[in-house]
Amino acid sequence: DVINCLGRAAEFKDNETGMHVIRMSYYSRIIAESLNLNNEWVEMLYNAAPMHDIGKIGIPDHILLKPGKLEDDEWEIMKKHVDYGVEILNGHESDILKMAKVIAESHHEKFDGTGYPHGLLGENIPLPGRIVAIPDVFDALTSERPYKKAWSTEKAVALIEEEAGKHFDPRLVKSFKHCLPEILAIKERYREVLFPQL
């Protein structure tokens with residue numbers, strides 16, 4: 001519960017309901033379950049995922065909430081949220097916080113090695129980061145923010161398919177597509193409302 005609250009707090013600046021972290025955590029669990037991974041590991045992923053962007057609390061509002069494209073120097077500052085997240089989550093004994101740190105550090109890596117912060121390639125990207133990357137992007141695309149309109153589900157799914165082998169692990173894109181009905185049910189259940197009932 002505390003981890004969920006902190007994850008939602010990090011989202012509060014650009015998504016005042018914090019529903020993004022709830023939805024993407026469910027999506028991550030659904031994908032992980034489809035891979036027949038250990039139940040305990042799947043639940044740990046579900047509980048750690050809300051902390052993926054905790055480092056955003058260190059990004060100035062004029063950059064985080066900027067309407068439109070960031071300049072190169074602003075983008076470099078935005079990418080620092082990964083470092084801030086790692087620093088916040090580092091040095092704890094809790095297995096959930098250890099996984100949360102892995103996710104915070106690796107969910108912006110790309111399967112083709114062009115991501116950040118380390119430019120990891122393929123399966124060198126930790127599995128939690130590879131899984132969370134897909135729900136994070138899908139939910140961000142299909143959600144309205146102060147700086148962007150929401151994409152349609154169809155357009156977002158098409159982009160994720162197109163990015164298989166580039167941004168995303170192709171095997172996990174297949175799992176995402178297979179799980180899409182369940183994911184869309186969660187999307188509807190936890191749609192944006194001002195004060196969600198959990």
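Predicted model, so just to flag it, every value in this text is computed and none were measured.
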A.B. asks: Minimum heavy-atom separation for Ala104 and Leu89, please, with both atom names.
C.D. replies: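 In terms of heavy atoms, the two residues are closest at CB-CD1, 3.9 Å.
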A.B. asks: Looking only at side chains, do Asp136 and His108 share a donor and an acceptor under 3.5 Å apart?
C.D. replies: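 Their side chains do not contain a donor-acceptor pair, so the 3.5 Å distance test is not met.
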A.B. asks: Could you check whether any side-chain heavy atom of Leu37 comes within less than 4.5 Å of a side-chain heavy atom of Leu127, counting everything from C-beta outward?
C.D. replies: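 Touching, per the 4.5 Å side-chain cut-off.
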A.B. asks: Mind checking the OG1-CZ spacing from Thr142 to Arg191? Nearest 0.5 Å is all I need.
C.D. replies: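 These two atoms lie 14.0 Å from each other.
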A.B. asks: Taking Asp169's backbone N and O only, do any of them form a donor-acceptor pair with Arg130's side chain (distance below 3.5 Å, no angle check)?
C.D. replies: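 Not at all, since once roles are kept as given, no pair shorter than 3.5 Å links the two residues.
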A.B. asks: So do the side chains of Lys187 and Tyr27 get within less than 4.5 Å of each other, counting heavy atoms only?
C.D. replies: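 Sidechains of Tyr27 and Lys187: in contact.
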A.B. asks: Do you know which two heavy atoms are closest between Tyr46 and Ser25, and how far apart they sit?
C.D. replies: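 Distance-wise, the nearest heavy atoms are CD1-O, 3.4 Å.
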A.B. asks: Looking at CG of Asp61 and NZ of Lys66, how far apart are the two atoms once the value is rounded to the nearest 0.5 Å?
C.D. replies: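 Taking CG in Asp61 and NZ in Lys66, the distance rounds to 14.5 Å.
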A.B. asks: According to a hydrophobic-cluster definition based on side-chain heavy atoms being under 4.5 Å apart (Ile, Leu, Val, Met, Phe, Trp, Tyr only), do Ile131 and Ile54 belong together?
C.D. replies: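 In one cluster with Ile131: Ile54, yes.
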A.B. asks: Do you know which two heavy atoms are closest between Leu121 and Gly113, and how far apart they sit?
C.D. replies: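 In terms of heavy atoms, the two residues are closest at CD1-N, 3.6 Å.
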A.B. asks: Do any N or O atoms from the side chain of Glu144 and from the backbone of Lys149 form a donor-acceptor pair under 3.5 angstrom?
C.D. replies: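 Judged by distance alone, no pair lies under 3.5 Å.
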A.B. asks: With side chains defined as the heavy atoms from C-beta onward, is the minimum distance between Leu172 and Phe111 less than 4.5 Å?
C.D. replies: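 No. Closest side-chain heavy atoms not under 4.5 Å.
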A.B. asks: Would you say that more than 12 heavy atoms from the other residues, nucleotides or ligands in this model lie under 6.0 Å from the CG of Asn38, or not?
C.D. replies: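 For Asn38, atom CG is crowded (more than 12 foreign heavy atoms under 6.0 Å).
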A.B. asks: Tell me yes or no: between the side chains of Asp53 and His107, is some donor less than 3.5 Å from an acceptor?
C.D. replies: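 Indeed, the side chains of Asp53 and His107 share at least one donor-acceptor pair under 3.5 Å.
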A.B. asks: Taking side chain as C-beta onward, heavy atoms only, is Lys101 less than 4.5 Å from Glu105?
C.D. replies: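 With C-beta onward as the side chain, the pair touches.
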A.B. asks: Which donor-acceptor pairs under 3.5 Å do side chains of residues 159-166 form with protein atoms, sequence neighbours excluded?
C.D. replies:
from	atom 1	to	atom 2	distance (Å)
Glu161	OE2	Lys177	NZ	2.7
Glu163	OE1	His167	N	3.4
Lys166	NZ	Glu162	O	3.4

A.B. asks: Taking all non-hydrogen atoms of both residues, which atom of Ile125 and which atom of Lys110 are closest, and how far apart?
C.D. replies: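 Reported closest heavy-atom pair: CD1-O, 3.4 Å.
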A.B. asks: Grouping I, L, V, M, F, W and Y whenever their side-chain heavy atoms are under 4.5 Å apart, do Trp75 and Tyr84 come out in a common cluster?
C.D. replies: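 Hydrophobic grouping puts Trp75 with Tyr84.
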A.B. asks: Could you state whether Leu120 and Val102 fall into the same hydrophobic cluster, counting links through intermediate Ile, Leu, Val, Met, Phe, Trp or Tyr residues with side-chain heavy atoms under 4.5 angstrom apart?
C.D. replies: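 Shared cluster, no.
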A.B. asks: Give the C-alpha distance, both sets of side-chain angles, the deciding distance and a yes or no for side chain to side chain contact (heavy atoms under 4.5 Å, CB included) between Ile30 and Phe176.
C.D. replies: CA-CA 8 Å; Ile30 289 166; Phe176 166 77; over 6 Å; no
A.B. asks: Cluster question for you: counting only ILVMFWY and a side-chain heavy-atom cut-off of under 4.5 Å, with indirect links fine, are Leu35 and Tyr26 together?
C.D. replies: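 Yes: a chain of side-chain contacts under 4.5 Å links Leu35 to Tyr26.
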A.B. asks: Does any part of the side chain of Val137, heavy atoms only, come nearer than 4.5 Å to the side chain of Phe168, both counted from C-beta?
C.D. replies: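 Side-chain contact under 4.5 Å: yes.
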A.B. asks: Determine the minimum heavy-atom distance between Ala100 and Ala48, stating which atoms define it.
C.D. replies: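 In this case the closest contact between Ala100 and Ala48 is N-CB, 3.6 Å.
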A.B. asks: Counting only heavy atoms not in Lys98, do more than 12 fall under 6.0 Å of its NZ?
C.D. replies: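 Yes, NZ of Lys98 has more than 12 neighbouring heavy atoms, counting only those of other groups under 6.0 Å.
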A.B. asks: Would you give the length of the straight line joining atom CD of Glu188 to atom CD1 of Ile183, rounded to the nearest 0.5 angstrom?
C.D. replies: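 Glu188 atom CD to Ile183 atom CD1 measures 15.0 Å (nearest 0.5 Å).
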A.B. asks: With a 4.5 Å limit on heavy-atom distance, are the side chains of Ile77 and Asp73 in contact?
C.D. replies: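 They are not in contact (no side-chain heavy atoms under 4.5 Å apart), so the answer is no.
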A.B. asks: Could you state the interatomic distance from CD1 (Ile88) to CG (Asn90), rounded to the nearest 0.5 Å?
C.D. replies: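 Spacing of CD1 (Ile88) from CG (Asn90) equals 11.0 Å.
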A.B. asks: For the residue pair Ser143 and Arg23, confirm or rule out a side-chain donor-acceptor distance under 3.5 Å.
C.D. replies: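 Yes, a side-chain donor-acceptor pair sits under 3.5 Å.
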A.B. asks: Starting at CE of Met78, measure out to CG of Leu64 and round the result to the nearest 0.5 Å.
C.D. replies: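 Rounded to the nearest 0.5 Å, the CE-CG separation comes out at 5.0 Å.
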A.B. asks: Give, for atom CG of Asn47 and atom CD1 of Ile96, the distance between the pair rounded to the nearest 0.5 Å.
C.D. replies: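 The CG atom of Asn47 sits 4.5 Å away from the CD1 atom of Ile96.
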A.B. asks: So for atom NE2, which belongs to His118, do other residues, nucleotides or ligands contribute more than 12 heavy atoms lying within a distance under 6.0 Å?
C.D. replies: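 Enclosed: over 12 neighbouring heavy atoms sit under 6.0 Å from NE2 of His118.
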A.B. asks: Membership question, hydrophobic clusters at under 4.5 Å side-chain separation (ILVMFWY): are Ile31 and Met51 in the same one?
C.D. replies: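 Looking at the clustering, Ile31 is in the same group as Met51.
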A.B. asks: Please name the pair of heavy atoms, one in Val21 and one in His52, separated by the smallest distance, quoted to 0.1 Å.
C.D. replies: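 Minimum heavy-atom contact is CG1-CE1, 3.9 Å.
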A.B. asks: Under 4.5 Å between any side-chain heavy atoms of Cys179 and Glu33, yes or no?
C.D. replies: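 Result no, sub-4.5 Å side-chain heavy-atom pair not found.
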A.B. asks: Any donor and acceptor pair, going by atom type alone, linking the side chain of Glu74 with main-chain N or O of Glu71 inside 3.5 Å?
C.D. replies: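 Judged by distance alone, yes, a pair lies under 3.5 Å.
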A.B. asks: Please tell me if the side chains of Leu45 and Arg29 come closer than 4.5 Å, counting only heavy atoms from C-beta onward.
C.D. replies: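 Counting from C-beta outward, Leu45 and Arg29 never come under 4.5 Å.
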A.B. asks: For Asp139 and Pro135, indicate whether the former's side chain and the latter's backbone hold a donor-acceptor pair under 3.5 Å.
C.D. replies: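 Flag not set: sc Asp139 to bb Pro135 has no pair under 3.5 Å.
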A.B. asks: Please verify the inter-ring angle class for Tyr116 with His81; under 30° counts as parallel, over 60° as perpendicular, anything in between as tilted.
C.D. replies: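 Tyr116 and His81: perpendicular rings.
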